[in-house]
Amino acid sequence: MPNQGPSKPTASSTPTDRTPRYNPAEIEPRWQAQWDAHPELYAAEPPSSGKQKYYVLEMLPYPSGQLHMGHVRNYSIGDALARHMWMRGYNVLHPMGWDAFGLPAENAALKHNTPPRDWTLANIAAMRIQMKRLGLSYDWQREVTTCLPDYYRWNQWFFLKMYERGVAYRKKSKVNWCPECATVLANEQVIDGCCWRHERTLVEQRELEQWFFKITDYADELLRDLDKLEDWPEKVRTMQHNWIGRSEGSLVDFVVVPKEKDARAQLFEPISLNLTETLLEPEPEVVKIPVFTTRIDTIYGATSLQLAPEHPMVQEFILENGELEKKIRHLFEQQKVAREKADMAALEKKGVATGRFATNPFTNEPIPIWVANYVLMDYGTGAIMSVPAHDERDHEFAKKFGLEVKIVVLPRRAKEGEPGDAEPMLPYTGEDSLLINSGEFTGQGCQEAQQNMVAYAQKQGFGKPSTTFRLKDWGVSRQRYWGTPIPMIYCPQDGLVPVPEDQLPVLLPDKIEFSEEGGSPLSRVPGFASVPCPKCGQTARRETDTMDTFVDSSWYFYRYADPKNTHAPFDTETIAYWFPIDQYIGGVEHAILHLIYSRFWTKMMRDLGLVKNDEPVQRLFTQGMVIKNGAKMSKSKGNVVSPDDMIAQYGADATRMYALFAAPPDRDLDWQEDGVAGISRFLSRVYRFAIQTMPRVVSGRNQSLPPDYNPLERQLMRKLHQTLRRLTQEFDGRWHFNTCIAAIMEMVNDLTAEESTLQSGAVADSVLYAITRNLVLMLQAFAPYMAAELWSQMAEETPLLRTPWPAYDEALAAENTLQVPVQVNGKLRAVVSVPAGSDGDNLRATALAEPKIQTALAGKEIVKVVLLPGKLV
RNA sequence: GCGAAAGUGGCGGAAUUGGCAGACGCACCAGACUUAGGAUCUGGCGGGUAAAACCGUGGGGGUUCAAGUCCCCCCUUUCGCACCA
C-alpha cells in the first residue's frame with residue numbers, strides 16, 4: 001500500500017492482526033451515542049436523595065463557535081474530578097452552559113449579515129458537539145444559555161429588586177469608553193488603560209448618564225470575607241485585595257484663606273480684629289478643602305496642599321488668575337497621558353503654585369495651595385496634604401520646588417539614653433516612632449497620635465475618620481444590542497418607572513439593523529423604545545441600553561441547580577443544598593472581573609433573602625495557560641492547535657489525557673503534538689493488552705482471589721495498590737494528574753513486560769481480573785471512552801460511574817524486599833537488598849558486609865551510623 | 001520600586017516530609033520484524049571516563065552524616081500591584 005499521508009488507525013488498515021487495534025474513531029462515537037441516549041447517566045440526583053453533594057463547575061465559555069485548547073484543559077480537569085467524585089459516592093452536579101450575550105455576535109452580524117441570535121445559537125450547537133465529542137460528563141439537562149429569555153428575564157428581575165433597594169441607581173459620571181466597542185466599560189474591564197477586548201485600544205473618558213450597581217456597599221465585606229476563602233489561591237485573593245484597595249485614614253478640612261487677606265501678614269502679625277469692619281463687610285464665605293490622609297499624625301509637618309488638576313477649587317483659582325489656566329491644563333494633560341499609558345510611576349512630578357493659601361486646622365498656620373500632576377481626582381478627595389519629611393512622593397516634590405521640609409516624627413531610640421537617630425534619613429516614613437513639634441501631641445507614638453488627633457479633629461468639627469476604596473461602583477449600562485434589556489422606562493410625567501414584574505421579560509427584538517455608527521442599536525428599533533408609561537399610560541421612552549454581560553455570568557451557576565424554574569430564578573431550598581460550589585475551575589484571568597462580581601452578586605442575593613450562603617465558591621482552582629512554542633496560542637501568532645484536529649487524529653481520550661499529562665494543572669502547559677501521539681501509543685498498549693487477556697479476565701470475574709499470591713501475583717498486586725494509592729492521594733490533595741497518569745503507565749509497563757508469562761497462566765485469572773478492573777476504574781477519570789469500552793467487554797453490571805472507588809491496601813502496596821541505598825559521608829556507595837522489616841543491626845551488618853562499602857570505609861573510622869526507617873543507611 | 005511564583009537532561013516534566021536527582025513521556029541513537037516505515041517490538045540515552053574516579057538541579061556562600069529541597073547574598077523569567085495620599 002503506498003504511503004498516503006498520516007495513517008489513521010482504522011480497523012481495516014491492519015487486517016492481518018489477530019487482535020483488534022485500538023481505534024478511537026470507532027470506539028468513541030459509539031459510546032458518545034450511548035451517552036447521548038442516556039442523559040440520566042450524568043444527571044445529578046435531587047436534594048431529596050439525601051446524599052452528600054459535590055458541585056464541580058468549570059467556567060462557562062463564550063460561544064465563539066470553536067473550543068480552544070484552554071477549554072479542553074479546563075474541562076479535562078473538571079471532568080476527571082467529577083468522575084472521581086462520583087466513584088467516591090457523591091451526588092455530583094457537573095453542569096455546562098453558555099455565556100451567550102456579548103459583542104462578538106454583533107460584530108459577526110455586521111460582517112456576515114447574520115442575526116446575532118442565529119449566529120450565537122449556531123455556535124453553541126457546534127461547541128456542544130465538540131464537548132460531547134470530548135466525552136465530558138455534563139448533565140446536559142441543566143444546560144443554561146444566558147441569551148435566552150428564560151434566563152435573562154431573571155437578570156431583569158434582579159435589576160428591579162436592586163433598583164427597589166437602591167443597589168441599582170443612575171448617575172451621570174465620567175465613564176470608560178472604548179471607541180472600538182462603541183460602548184462603556186466597567187473599571188474592571190480596563191486593563192492598562194486599554195479595553196479588555198481590544199488590547200491596543202486606549203479607553204477614553206466620557207461624561208454619560210449610566211446605570212450602576214452599588215458594589216461599594218459591599219466593599220468592606222468583600223474584603224473581609226477574602227479571609228474566609230482559604231481554599232482559593234493566594235494570588236487571586238491578593239489581586240482582589242488590591243483591587244478593592246481599602247485604605248483607612250482621616251478626612252481633614254483645610255480652610256482656604258480669603259484672597260483679600262495677605263497670608264504672610266497673617267502669619268507674622270497677630271490678627272487685630274476690627275469688629276466694625278467685620279460687621280460692615282459681608283462675611284467672607286468659608287471655603288474648605290477636605291483632604292484624605294492615612295497619616296494624620298504627620299499633619300504638623302504638612303507644608304503645602306496639593307490639588308488634582310481637575311479639582312473644583314482649581315476652576316476658581318483660574319478665574320482669579322488667568323495665567324494659571326495654561327499651566328494647569330498642561331499638568332492635566334501630563335497626568336492623562338501617564339494614566340493612559342498606565343505608567344504613573346514614570347510621570348515626572350510637576351506642580352504650579354496657585355498663590356493662595358489654606359489654614360492647617362491643627363496649627364492654624366497657612367500653607368500654600370498648589371496644583372500637582374500626580375494628584376488624582378478620583379481617589380480620596382482629589383486633594384492631599386503634602387508632608388515632605390515623611391512621605392517619599394511629597395519629599396521628591398518639595399525638594400524639586402523648594403518647599404519647606406518640616407520634621408515632626410523621629411524614630412524611637414533603641415534604648416533610652418542612647419544617642420543617634422536624631423536626624424533620620426529623609427523622608428522618614430516609619431510608624432514605630434514618636435512625634436515632635438506637634439503641639440499637644442508631641443511625644444506620642446504615631447499610632448496613638450493618629451487616634452487622638454482624629455478624635456480631636458472630630459471634636460473640633462474639622463475632621464473625621466474615613467475609609468477610602470479603590471473599588472468603584474459597577475457601571476452596567478452598555479450601548480449595545482446583544483445583551484439583557486434594562487427593564488426601565490422614562491416617562492415625561494412620572495420620571496423613572498420600572499417595568500412591572502409581571503411584564504417581564506422585556507424581550508430583545510429579533511429584527512434589528514446594524515450600522516457602524518455608535519449609540520444604542522435598540523434606540524433605532526421602531527416600537528421598542530416607544531412604550532406607554534406603566535403608571536400613567538402616556539407615551540414614554542424605554543431604556544435602550546443593555547446590561548454588561550458580566551451580569552449574566554455573576555449568577556449562572558445558581559440557575560444550574562434549578563434550571564427550569566419559571567416563577568423564580570431558582571428555589572432557595574435547592575440552592576441551600578447545592579451551595580457553595582465545592583470546586584470551581586477556570587483561568588486566572590477572571591480573578592478580578594467575574595470572580596468579584598460573582599461574590600458581590602451572592603451577597604446581594606443573600607440580602608434579598610434568596611440564598612443563605614455568603615460566598616458562592618468554596619474552592620477555586622486556577623489552571624495554567626496552554627502555550628505553544630513558548631507563547632500563548634493565538635490566531636495572530638499562528639500557533640493555534642485545534643481540538644478537533646487532535647481528536648480526529650488521536651481521539652478524544654488521548655487529547656484529554658495529554659492535556660493532563662503534559663504538566664501539573666496549575667502550571668502553564670506547552671502543547672507538543674508528539675506528546676499526544678505518545679499518549680495514543682500508551683492507550684493502544686492498554687487496549688491490546690486488555691483485549692488479549694480479556695477472556696481470562698472475564699473467567700476470573702467469578703473466581704475468588706487465591707489465598708496466597710505467588711511472587712509475580714504479589715508483585716503485580718503491589719504495583720496496583722501503589723498506583724491506587726497515588727491516585728487517591730492526588731485527587732485528595734494537589735491534583736498532580738501528570739504523576740497519576742505516569743503511575744498508571746508504570747503499572748501498564750509492568751504488565752506488558754510480563755505479558756508472555758501472563759499468557760502462560762502464571763497468574764490466576766481472578767488476579768488478572770482484579771488488576772484489569774481496577775486499571776479501568778483508574779483510567780475512567782482520564783480516558784473515559786477507553787474505560788467504557790473495556791468495562792463493557794468485561795461485562796460488568798454496575799455503571800462505571802457508580803462503581804465505588806477501590807480503597808488501596810497499604811499492606812499490599814508495601815515492598816517485601818527493600819533496596820536500601822547506603823551512603824558514606826553523604827555519597828552513595830552501594831545499594832543493598834534487605835527483607836522488609838529488617839532491624840537496624842541487621843541492616844547495618846548487611847551494609848558493612850558490602851564490598852563497595854568496605855572499600856569506601858577502608859582506613860577510616862566509623863564515627864556515626866545514621867539509619868532511617870524505610871529510607872537509607 | 002513593592003509583592004508572589006518559578007529556574008532540574010535536547011524538550012515536557014518527576015523527586016508530598018532534608019535521604020538513590022532525572023520517574024513517566026517526547027525527541028534522538030542502535031537493533032529486530034519488514035517490499036517499505038512516520039507502524040510495532042527490544043535495548044540505550046545528564047556530563048565525563050576504556051572502565052572507574054569525578055562533576056552535575058540559575059550563580060556564590062552556609063547549616064548537615066546527607067541539600068533540587070533549609071538559611072544568607074545575587075542573577076534571570078513570568079505574573080500581580082504601582083504616584084492610592
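Below, chain A is the first sequence line, B the second, and so on; all start at residue 1.
- Of the residues in residues 241-254 of chain A, those placing a heavy atom less than 4.0 Å from an atom of RNA chain B are Asn242(A), Ser247(A), in numerical order.
- Contact annotation: Arg295(A) side-chain N/O to C84(B) OP1/OP2 distance is not under 4.0 Å.
- Nucleotide C83(B) is matched to nothing when pairs are restricted to Watson-Crick or G-U wobble geometry with both distances under 3.5 angstrom.
- At C84(B), one or more side-chain N or O atoms of Arg393(A) fall inside 4.0 Å of OP1 or OP2 (strictly under the cut-off).
- A salt bridge links Arg246(A) with Asp220(A): the distance from a Lys NZ or Arg NE/NH1/NH2 to an Asp or Glu carboxylate oxygen falls below 4.0 Å.
- If you find the closest nucleotide of RNA chain B to Met239(A) and to Glu396(A), the one lying nearer the 5' end belongs to Met239(A).
- Under the Watson-Crick or G-U wobble criterion, with both distances below 3.5 Å, G46(B) is paired with C55(B).
- When Watson-Crick and G-U wobble pairs are counted only if both distances are under 3.5 Å, C24(B) pairs with G12(B).
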What nitrogen or oxygen pairs link the protein and nucleotides 3-10 of chain B at under 3.5 Å?
none

Exercise. Let me have a per-nucleotide readout for nucleotides 23-33 of chain B, 5' to 3', with B, S or -, counting only protein heavy atoms under 4.0 Å.
Key: BBSSS------

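- Here G7(B) sits opposite C75(B) as a Watson-Crick or G-U wobble pair (both hydrogen-bonding atom distances under 3.5 Å).
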Exercise. List the steps and the verdict of ring pair (Phe, Tyr, Trp, His ring centres under 6.0 Å) for Trp370(A) and Phe397(A).
Key: CA-CA 11 Å; Trp370(A) 285 60; Phe397(A) 189 86; 5.7 Å; yes

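- Anti is the classification of G60(B), since its glycosidic angle lies more than 90° from 0.
- Between the side chains of Asn176(A) and Gln205(A), a donor-acceptor pair is found at a separation under 3.5 Å.
- No side-chain donor-acceptor contact under 3.5 Å links Asn373(A) and Gln335(A).
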